[in-house]
**Student:** 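Can you read through this structure? Questions will come right after.
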Amino acid sequence: MGKVQIELTEQEMRQLAELCAMGLTVLGQAMPDTRDARADAWHRLMVGLLEAARSAPSVARDMEFNPDCGYWFFKRPYVDKAFYSDVMDEYRDSVFWEELVARMASQSLADSVGQEEADMLPPEERARRTSAVEKALWNEVTRHGIDRLMFLLPEGES
């Protein structure tokens with residue numbers, strides 16, 4: 001397979017390096033112990049691109065060799081203010097709320113019809129039955145977060 005060359009400005013190289021840093025962060029969190037050839041290939045590519053980003057002096061100033069992961073990565077002060085960190089924070093936040101609302105709606109359905117019956121529902125019927133609860137929960141968490149939600153624990157648990 002032939003090689004491809006691209007020319008990037010230092011700003012574009014910084015953006016590419018941040019994309020790689022974000023990708024490595026996601027890969028490390030989503031697949032920490034996976035031995036998947038595709039994940040390994042992505043990892044090698046992103047690490048190689050971060051290494052290449054060091055050729056841009058303005059990017060190199062914000063990088064250091066990270067002994068914990070064994071490759072060049074952005075320094076902590078840079079990570080704390082980087083755009084990709086903002087993107088990751090927004091993504092984590094949205095996943096948290098989506099998962100919370102979906103699980104609460106699913107639990108509500110199981111409470112009303114029983115877990116066995118809820119488990120046997122086809123996905124379309126399950127979605128139809130939980131959509132109103134999900135909408136109400138989205139309204140609640142959008143306006144108030146978890147401040148007004150109550151969690152009831154079974155007797156003996158606290």
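One is the number of the first residue; the rest follow in order along the sequence.
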**Student:** Can you tell me how far CG of L24 sits from CZ of F73, rounded to the nearest 0.5 angstrom?
**Tutor:**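 Rounded to the nearest 0.5 Å, the CZ-CG separation comes out at 6.0 Å.
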
**Student:** Do the side chains of E125 and R129 get close enough for a salt bridge, i.e. N-O under 4.0 angstrom?
**Tutor:**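 Here E125 pairs with R129 in a salt bridge, since their nearest N and O are under 4.0 Å apart.
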
**Student:** Judged by atom type as modelled, is there a donor-acceptor pair below 3.5 Å linking the side chain of E12 to the main-chain atoms of T9?
**Tutor:**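 Checking the backbone N and O of T9 against the side chain of E12, a donor-acceptor pair under 3.5 Å is found.
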
**Student:** Enter the distance from M13:CE to S58:OG here, rounded to the nearest 0.5 Å.
**Tutor:**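 Separation between the atoms: 10.0 Å.
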
**Student:** So which atom in M46 and which in C20 form the shortest heavy-atom distance, rounded to 0.1 Å?
**Tutor:**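 In this case the closest contact between M46 and C20 is SD-O, 3.6 Å.
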
**Student:** Should L8 and L45 be counted in the same cluster of Ile, Leu, Val, Met, Phe, Trp and Tyr side chains packed under 4.5 Å apart?
**Tutor:**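 Yes.
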
**Student:** Just how far is it from atom CG of D62 to atom CZ of F74, taken to the nearest 0.5 Å?
**Tutor:**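 Taking CG in D62 and CZ in F74, the distance rounds to 7.0 Å.
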
**Student:** Could you give the distance from CG (D147) to CD (E140), rounded to the nearest 0.5 Å?
**Tutor:**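 Reported to 0.5 Å precision, the distance equals 9.0 Å.
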
**Student:** Within this structure, what is the CG-CD distance for the pair D93 and E98, rounded to the nearest 0.5 Å?
**Tutor:**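 Between D93 CG and E98 CD, I get 10.0 Å after rounding to 0.5 Å.
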
**Student:** To the nearest 0.5 angstrom, please state how far the CG atom of D36 sits from the NE2 atom of H43.
**Tutor:**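 Rounded to the nearest 0.5 Å, the CG-NE2 separation comes to 13.0 Å.
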
**Student:** With the 4.5 Å side-chain cut-off for hydrophobic clustering, are M22 and L16 part of the same group?
**Tutor:**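 The answer is no; the residues belong to distinct hydrophobic clusters.
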
**Student:** Does A21 offer a backbone N or O that forms a donor-acceptor pair with the side chain of T25 under 3.5 Å?
**Tutor:**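 Between the backbone of A21 and the side chain of T25 there is a qualifying donor-acceptor contact (under 3.5 Å).
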
**Student:** Assess whether atom CZ of F83 is packed by more than 12 heavy atoms of other residues, nucleotides or ligands within 6.0 Å.
**Tutor:**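 No.
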
**Student:** With a 4.5 Å cut-off on side-chain heavy-atom distances among I, L, V, M, F, W and Y, is there a chain of contacts connecting Y84 to L50?
**Tutor:**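 Cluster IDs for Y84 and L50 match.
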
**Student:** Evaluate the side chain to side chain contact (heavy atoms under 4.5 Å, CB included) criterion for residues L121 and L109: first the C-alpha distance (whole Å), next the side-chain angles of each, then the deciding distance (0.1 Å), finally the verdict.
**Tutor:** CA-CA 11 Å; L121 290 172; L109 176 63; 3.8 Å; yes

**Student:** Which residues pass the side chain to side chain contact (heavy atoms under 4.5 Å, CB included) test with M104, not counting sequence neighbours?
**Tutor:**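 Checked M104 against side chain to side chain contact (heavy atoms under 4.5 Å, CB included); matches are L100, L137, L149.
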
**Student:** Between V47 and M31, is there a shared hydrophobic cluster once you connect ILVMFWY residues whose side-chain heavy atoms come closer than 4.5 Å?
**Tutor:**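 V47 clusters together with M31.
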
**Student:** Assigning hydrophobic clusters by single linkage (Ile, Leu, Val, Met, Phe, Trp, Tyr; side-chain heavy-atom cutoff under 4.5 Å), is V87 placed with W97?
**Tutor:**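 No, V87 does not connect to W97 through the hydrophobic network.
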
**Student:** Looking just at side-chain N and O atoms, do Y78 and E18 make a donor-acceptor pair shorter than 3.5 Å?
**Tutor:**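 There is such a pair between these side chains.
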
